Amino acid sequence: MLNIVLFGPPGAGKGTQAARLLEKYKLVHLSTGDILRSELKSQTKLGLEAKKYMDKGELVPDQVVIGMIEGKIDSTPSAKGFIFDGFPRTKAQAKALDEMLAKKKSPITMMLALEVEKDELIKRLLLRGKDSGRADDQDRSVIENRIKVYDNETSPVKDFYDAQKKYKGINGMGSIDEIFDRLCKAIDS
Ligand code: AMP
């Protein structure tokens, strides 16, 4: 199996690149942000609870997202592999993911971490906010908080995979095609 953690700050292009990678490598996409937004759309208890955090750009509690991901992995036993997008976002989530995958005997293959400058992230998110309808992309202070939360709580997840020799940094500046090319080279090498 090919299990990829697609990592990077908000606005790094994870969703865009995940869509292309799925098609090329025939993987299953697991985006905790997408799952939470769909829960919110259906007005489930989980979605409404998560909204309180999402609106402020804070992280939803670990147990909630870990449980969600476990359910999705278990419900797709025939997958050739997964792209984890926006998960894990804390070291506790990364540990839990390793434990889930150990049970399936299919560990994370690599972490591909998109690196993008902060000014570019803010520009991309504000642009996306114009047509995505996402409330958290439309408010500059929420965007800045998400980047701060990424720097403080999520960025250390790199060390977790680096210690396992699975971390690969990818230049996330440039055109969508250029970045896709870099990701494919890293996967194929
Ligand atoms: P995203 O679509 O990945 O930018 O996620 C949007 C929001 O959903 C984040 O700002 C968090 O509030 C929440 N969220 C998504 N994934 C996670 C996660 N793995 N852990 C905690 N919160 C998450």
Side-chain angles (χ1 to χ4, degrees), residues 3-22 27-73 82-101 108 111-116 118 120-161 170 172 179:
N3 288 326
I4 295 173
V5 172
L6 191 55
F7 196 73
K14 300 186 293 294
T16 306
Q17 295 297 339
R20 294 186 156 211
L21 293 170
L22 299 179
L27 304 171
V28 173
H29 187 206
L30 289 183
S31 154
T32 38
D34 285 353
I35 302 170
L36 290 168
R37 279 184 290 278
S38 121
E39 293 279 338
L40 181 56
K41 213 170 153 201
S42 318
Q43 301 269 298
T44 65
K45 196 164 160 250
L46 191 156
L48 293 170
E49 178 64 24
K51 182 179 189 303
K52 295 183 203 155
Y53 300 91
M54 294 165 82
D55 281 351
K56 288 186 278 190
E58 303 288 340
L59 293 184
V60 172
D62 284 337
Q63 314 85 275
V64 176
V65 283
I66 290 168
M68 257 170 36
I69 282 284
E70 190 154 32
K72 295 280 175 187
I73 292 178
F82 295 96
I83 294 192
F84 297 95
D85 163 0
F87 180 90
R89 258 178 161 96
T90 61
K91 282 200 180 178
Q93 293 180 18
K95 264 184 82 180
L97 179 61
D98 264 10
E99 284 161 17
M100 284 175 225
L101 294 176
I108 289 297
M111 167 192 259
L112 298 172
L114 292 168
E115 289 157 358
V116 178
K118 186 176 167 190
E120 173 71 12
L121 295 175
I122 295 177
K123 210 173 82 189
R124 288 186 192 175
L125 288 169
L126 287 170
L127 196 69
R128 186 171 76 182
K130 285 193 184 154
D131 38 39
S132 72
R134 276 181 61 169
D136 61 348
D137 282 345
Q138 288 172 26
D139 182 320
R140 202 181 178 101
S141 67
V142 175
I143 289 178
E144 297 210 345
N145 192 43
R146 283 156 68 203
I147 296 174
K148 194 177 97 203
V149 167
Y150 171 83
D151 287 340
N152 295 339
E153 300 179 50
T154 302
S155 181
V157 176
K158 286 181 201 166
D159 304 334
F160 182 89
Y161 290 99
I170 306 287
I179 301 163

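The figures here come from the full heavy-atom set of this structure, side chains too, leaving out hydrogens, waters and symmetry mates. Order of listing sets the numbers, starting from 1, for every ligand and every atom in it. The structure presented is a predicted model; accordingly, all values stated were derived computationally and were not measured. Sequential numbering from 1 along the given sequence is applied to the chain's residues.
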Tell me whether [X] has any N or O atom under 3.5 angstrom from an N or O of ligand 1.
X    : answer
R134 : yes
G86  : yes
D136 : no

Member of F84, Y150, F87 meeting the ring-ring contact (aromatic ring centres under 6.0 Å, His included) criterion with F7: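 Checked F84, Y150, F87 against F7; only one passes ring-ring contact (aromatic ring centres under 6.0 Å, His included): Y150.
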Can you pull out the closest protein heavy atom to [atom]? Residue, atom name and distance to 0.1 Å, please.
atom                    : answer
atom 16 (N) of ligand 1 : T32 OG1, 2.8 Å
atom 12 (O) of ligand 1 : E58 O, 2.6 Å
atom 22 (N) of ligand 1 : V60 N, 3.0 Å
atom 18 (C) of ligand 1 : R89 CD, 3.4 Å
atom 20 (N) of ligand 1 : Q93 NE2, 3.0 Å
atom 13 (C) of ligand 1 : L36 CD1, 3.6 Å

Hey, is K95 close enough to E99 for a salt bridge, meaning N to O under 4.0 Å?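 The answer is no: the pair does not qualify as a salt bridge.
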Is ligand 1 under 4.0 Å from a heavy atom in the side chain of K56, in the backbone, in both, or in neither?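 Neither; nothing of K56 gets under 4.0 Å from ligand 1.
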Any donor and acceptor pair, going by atom type alone, linking the side chain of R146 with main-chain N or O of D136 inside 3.5 Å?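 Checking the backbone N and O of D136 against the side chain of R146, a donor-acceptor pair under 3.5 Å is found.
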Quick check against the 3.5 Å criterion: does K51 have a side-chain atom that pairs as donor or acceptor with the backbone of L40?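 Absent.
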I need the atoms of ligand 1 closer than 4.0 Å to a non-hydrogen atom of V65, numbered in the order shown.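 With V65 as reference, the close atoms of ligand 1 come out as 18 (C), 20 (N).
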Which ligand 1 atoms does R37 reach within 4.0 Å, using its non-hydrogen atoms?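 Near R37, meaning under 4.0 Å from one of its heavy atoms, ligand 1 has 2 (O), 6 (C).
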Candidate pair R140 and E144, rule salt bridge (Lys or Arg N to Asp or Glu O under 4.0 Å), full reasoning: CA-CA 6 Å; R140 202 181 178 101; E144 297 210 345; 3.7 Å; yes
Rounded at 0.5 Å granularity, tell me how far CD1 in I122 sits from CG in D137.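 So the CD1 of I122 and the CG of D137 are separated by 12.0 Å.
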Between T44 and E39: side-chain donor-acceptor atoms closer than 3.5 Å: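 Yes - a donor-acceptor pair under 3.5 Å links their side chains.
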Around K158, counting heavy atoms of other residues, nucleotides and ligands shown, do more than 12 lie under 6.0 Å from its NZ?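 Yes.
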Could you go through R37 and D34, starting from their C-alpha distance and side-chain angles, then the distance that decides it, and tell me whether this counts as salt bridge (Lys or Arg N to Asp or Glu O under 4.0 Å)? CA-CA 5 Å; R37 279 184 290 278; D34 285 353; 2.9 Å; yes
Is K14 near ligand 1, meaning one of its heavy atoms is under 4.0 Å from it?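 The answer is no, since K14 has no heavy atom less than 4.0 Å from ligand 1.
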